[in-house]
Amino acid sequence: YSQYHFPPRREKVADGVIVFFITGQFASDEELTKQYQAWKDAGAKEVYLRPNHLCDDTGMPLGFEESMYEKFQLIRKTFPIAGTDYDCSWGFRPYSGIAEYIMARLFNQPDAPFADLENDYCAAFGPAREDIREYYRYWRQIWNKRIGPNRNRVQRLSGQIKEGRDRLMQLTDLLYAEEDFGATDALLARALRHDLTLRTRARIEQLQLANQHSRITY
């Protein structure tokens with residue numbers, strides 16, 4: 001952290017030294033590209049990706065899986081990645097389980113399109129796959145349309161609010177409206193109308209319960 005974030009101006013990175021990049025969700029692509037190139041100019045050849053993306057998980061639906069995918073692909077434009085270590089899996093499976101699945105598959109299939117990995121995850125819901133895809137895509141709007149355009153506002157929050165997840169929890173009215181939970185409740189209810197196995201039905205009912213908890217938390 002701290003000053004180690006910046007590449008050396010005079011010295012060069014020695015052969016055999018692996019640079020760990022600890023990045024966050026709220027850095028822009030332009031900022032990250034500039035950072036990666038500066039380290040490459042300083043001689044870095046091997047890098048290890050150790051982002052704090054999952055640290056921002058609040059236990060509320062955020063839809064950051066596509067953002068994580070894109071940031072993984074962004075660093076590959078500058079460096080081959082020697083390894084990864086995504087800190088802080090909080091265990092909020094009904095929300096971020098799709099993100100963890102997509103990233104786990106991506107580490108083994110780095111050229112896989114996002115849509116293919118999303119399809120793989122949703123396929124586990126059998127006849128309800130399209131309803132579940134629509135459910136997760138609804139929450140992806142939270143990140144793509146509400147958080148992304150307000151990145152600077154999130155970063156400006158200061159004082160004792162140091163972690164991204166704590167900042168996000170101060171912006172509930174920006175991120176959600178009660179009708180969001182009504183819309184997603186309807187999608188899950190529709191998913192349950194299919195002819196499902198008991199195991200698949202239980203998974204969808206878990207999503208329903210989590211969505212009800214999120215409404216109450218909101």
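Sequential numbering from 1 along the given sequence is applied to the chain's residues.
- When the side chain to side chain contact (heavy atoms under 4.5 Å, CB included) test is applied to Ala183, the partners found at least two apart in sequence or on another chain are Tyr138.
- Listed by chain and residue number, Thr197, Arg203 satisfy the side chain to side chain contact (heavy atoms under 4.5 Å, CB included) test with Arg199 (two or more places apart in sequence, or in another chain).
- Between Ser214 and Tyr95, the side chains place a donor N or O and an acceptor N or O closer than 3.5 Å (distance only, hydrogens not considered).
- Under the salt bridge (charged side-chain N to carboxylate O under 4.0 Å, His left out) criterion, Asp85 pairs with no residue, sequence neighbours left out.
- Residues meeting the salt bridge (charged side-chain N to carboxylate O under 4.0 Å, His left out) test with Glu66, sequence neighbours left out: none.
- Under the side chain to side chain contact (heavy atoms under 4.5 Å, CB included) criterion, Tyr121 pairs with Ile98, Tyr101, Phe125, Tyr136, not counting sequence neighbours.
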Kindly list each side-chain donor-acceptor pair under 3.5 angstrom involving residues 19-31, sequence neighbours excluded, with atom names and distances?
residue	atom	partner	partner atom	Å
Gln25	OE1	Ser67	OG	3.1
Ser28	OG	Glu30	OE1	3.4
Ser28	OG	Glu31	N	3.1
Ser28	OG	Glu31	OE1	3.2
Glu31	OE1	Ser28	N	2.7

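- For Ala191, the side chain to side chain contact (heavy atoms under 4.5 Å, CB included) partners at least two apart in sequence or on another chain are Ala128, Asp131, Ile132, Ile204.
- For Phe64, the ring-ring contact (aromatic ring centres under 6.0 Å, His included) partners two or more places apart in sequence, or in a different chain, are Trp143.
- Among residues two or more places apart in sequence or in another chain, the salt bridge (charged side-chain N to carboxylate O under 4.0 Å, His left out) test is passed with Asp116 by none.
- The stretch residues 5-16 participates, sequence neighbours left out, in these salt bridge (Lys or Arg N to Asp or Glu O under 4.0 Å) pairs: Asp15-Lys45.
- Scanning for salt bridge (charged side-chain N to carboxylate O under 4.0 Å, His left out) contacts around Asp185 gives Arg215, with sequence neighbours left out.
- Residue pairs satisfying the side chain to side chain donor-acceptor pair (under 3.5 Å) criterion with at least one member in residues 55-64, sequence neighbours excluded, are listed as follows: Asp57-Ser96.
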